[in-house]
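Being a predicted model, the structure only gives us computed values, none of them experimental. Sequence positions, counted from 1, serve as the residue numbers for this chain. Whatever order the structure lists ligands and atoms in, that order sets their numbers, starting from 1.
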Amino acid sequence: MKRLNIAIDGPAGAGKSTVAKLTAQKLGYTYIDTGAMYRAVAWQALKKGVEHDNRAIAELACNLDLKLTNIDNKTNVTVAGHDITEAIRTPEVSRLVPKVAQVGELREVMLKLQQDMAKPGGVVMDGRDIGTRVLPHADIKVFLTASIAERARRRWQELTAKGYSISLAELEAEIACRDKEDCEREIAPLVAAPDAINIDTTNLSIDATVASILELHREKQASV
Ligand code: CDP
Ligand code: CDP
């Protein structure tokens, strides 16, 4: 059986990483979290104090010793052997990452890395520009959405469980701001590919979403 590539895009909190990870697990495919790659660069830019210097950000990306490892249904992220899995999920990094993600030279470096990762096939990759730019010939493209209120509620639950004190209204405003930055940027904006299947997860369970994608995979595999 041919190992297919699956592209999953959508805004923050739509369920991309949860659904992509489970789909990859069911199919024995590799899950690639491209958001974690952009987050790692934003984290390092903050650490080095170069978050306003586009050239320095692009240089960071070129020299980044980044590793993504999937262990126990979780993507572990290291930079130069240093575990930054949790550090890249802070609200501070979340606020910075859409700004860093607008740097064209950085996106070029990421594009090449991500395309190389998908070359062997059997990859489930999630992000913002996977179906439009990174894997324009992906076998299956899914665009996940959910209402802003539901996405903020999901993120709020995650952050409060980790001990962060943030109001739901504040988080909703932050997510709306990140959506706007991601959708309105010049290079590789967040937009559904014309041939993507749209799935609204506002009232859809994780299992039901995964089941829909597995069905798309079954149909596609039968046709190739
Ligand atoms: O998990 P969440 O949806 O909050 O975000 P993420 O997937 O970790 O991505 C964080 C940010 O990285 C996004 O808001 C984008 O600004 C950027 N990103 C991107 O520009 N292109 C991608 N393929 C993936 C992420
Ligand atoms: O990757 P993305 O930002 O699109 O979303 P996620 O990190 O996969 O999902 C955000 C949160 O929403 C997680 O805690 C998921 O368990 C939850 N979720 C949900 O409750 N129902 C769904 N249909 C999808 C995700």
Show me, pair by pair, the donor-acceptor contacts under 3.5 angstrom made by side chains of residues 187-195, not counting sequence neighbours?
{"from": "Asp195", "atom 1": "OD1", "to": "Lys141", "atom 2": "NZ", "distance (Å)": "3.1"}
{"from": "Asp195", "atom 1": "OD2", "to": "Lys141", "atom 2": "NZ", "distance (Å)": "3.3"}

Under 3.5 Å, side-chain donor or acceptor atoms of residues 42-60 against the rest of the protein: list the pairs with distances, not counting sequence neighbours.
{"from": "Asp53", "atom 1": "OD1", "to": "Arg55", "atom 2": "N", "distance (Å)": "3.2"}
{"from": "Asp53", "atom 1": "OD1", "to": "Ala56", "atom 2": "N", "distance (Å)": "3.1"}
{"from": "Arg55", "atom 1": "NH2", "to": "Glu105", "atom 2": "OE2", "distance (Å)": "3.3"}

Could you pull out all donor-acceptor pairs under 3.5 Å where a side-chain atom in residues 206-215 meets a protein atom, sequence neighbours excluded?
{"from": "Thr209", "atom 1": "OG1", "to": "Ser205", "atom 2": "O", "distance (Å)": "2.7"}
{"from": "Ser212", "atom 1": "OG", "to": "Ala208", "atom 2": "O", "distance (Å)": "3.0"}
{"from": "Glu215", "atom 1": "OE1", "to": "Arg218", "atom 2": "NE", "distance (Å)": "3.1"}
{"from": "Glu215", "atom 1": "OE2", "to": "Arg218", "atom 2": "NH2", "distance (Å)": "2.8"}

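Contacts between Val19 and ligand 2 below 4.0 angstrom, taking non-hydrogen atoms only, are absent altogether.
A donor and an acceptor atom, one from each side chain of Asp126 and Tyr31, are located under 3.5 Å apart.
Numbered from 1 in the order shown, with element, the atoms of ligand 2 that lie under 4.0 Å from a heavy atom of Ser205 read 23 (N).
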Ligand 1: protein N/O within less than 3.5 Å of ligand N/O:
{"from": "ligand 1", "atom 1": "1 (O)", "to": "Arg155", "atom 2": "NH2", "distance (Å)": "3.3"}
{"from": "ligand 1", "atom 1": "3 (O)", "to": "Lys16", "atom 2": "NZ", "distance (Å)": "3.1"}
{"from": "ligand 1", "atom 1": "3 (O)", "to": "Arg128", "atom 2": "NH2", "distance (Å)": "3.1"}
{"from": "ligand 1", "atom 1": "4 (O)", "to": "Arg39", "atom 2": "NH2", "distance (Å)": "3.2"}
{"from": "ligand 1", "atom 1": "4 (O)", "to": "Arg155", "atom 2": "NH1", "distance (Å)": "2.6"}
{"from": "ligand 1", "atom 1": "4 (O)", "to": "Arg178", "atom 2": "NH1", "distance (Å)": "3.3"}
{"from": "ligand 1", "atom 1": "4 (O)", "to": "Arg178", "atom 2": "NH2", "distance (Å)": "2.8"}
{"from": "ligand 1", "atom 1": "5 (O)", "to": "Arg128", "atom 2": "NH2", "distance (Å)": "3.2"}
{"from": "ligand 1", "atom 1": "5 (O)", "to": "Arg178", "atom 2": "NH1", "distance (Å)": "3.3"}
{"from": "ligand 1", "atom 1": "7 (O)", "to": "Arg128", "atom 2": "NH1", "distance (Å)": "3.1"}
{"from": "ligand 1", "atom 1": "8 (O)", "to": "Arg39", "atom 2": "NE", "distance (Å)": "2.6"}
{"from": "ligand 1", "atom 1": "14 (O)", "to": "Arg128", "atom 2": "NH2", "distance (Å)": "3.3"}
{"from": "ligand 1", "atom 1": "14 (O)", "to": "Arg178", "atom 2": "NH1", "distance (Å)": "2.8"}
{"from": "ligand 1", "atom 1": "14 (O)", "to": "Asp182", "atom 2": "OD2", "distance (Å)": "2.7"}
{"from": "ligand 1", "atom 1": "16 (O)", "to": "Asp182", "atom 2": "OD1", "distance (Å)": "2.6"}
{"from": "ligand 1", "atom 1": "16 (O)", "to": "Asp182", "atom 2": "OD2", "distance (Å)": "3.4"}
{"from": "ligand 1", "atom 1": "20 (O)", "to": "Arg107", "atom 2": "NH1", "distance (Å)": "2.8"}
{"from": "ligand 1", "atom 1": "20 (O)", "to": "Arg107", "atom 2": "NH2", "distance (Å)": "3.4"}
{"from": "ligand 1", "atom 1": "20 (O)", "to": "Arg185", "atom 2": "NH1", "distance (Å)": "2.9"}
{"from": "ligand 1", "atom 1": "20 (O)", "to": "Arg185", "atom 2": "NH2", "distance (Å)": "3.0"}
{"from": "ligand 1", "atom 1": "21 (N)", "to": "Arg107", "atom 2": "NH2", "distance (Å)": "3.0"}
{"from": "ligand 1", "atom 1": "23 (N)", "to": "Thr34", "atom 2": "OG1", "distance (Å)": "3.0"}
{"from": "ligand 1", "atom 1": "23 (N)", "to": "Arg128", "atom 2": "N", "distance (Å)": "3.2"}
{"from": "ligand 1", "atom 1": "23 (N)", "to": "Asp129", "atom 2": "OD1", "distance (Å)": "2.8"}

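Other residues, nucleotides and ligands place more than 12 heavy atoms under 6.0 Å from the CD atom of Gln25.
Proximity of Gln221 to His217: side-chain heavy atoms (C-beta onward) are separated by under 4.5 Å at one or more points.
Without hydrogens or angle criteria, Thr78 side chain to Asp83 main chain gives no donor-acceptor distance under 3.5 Å.
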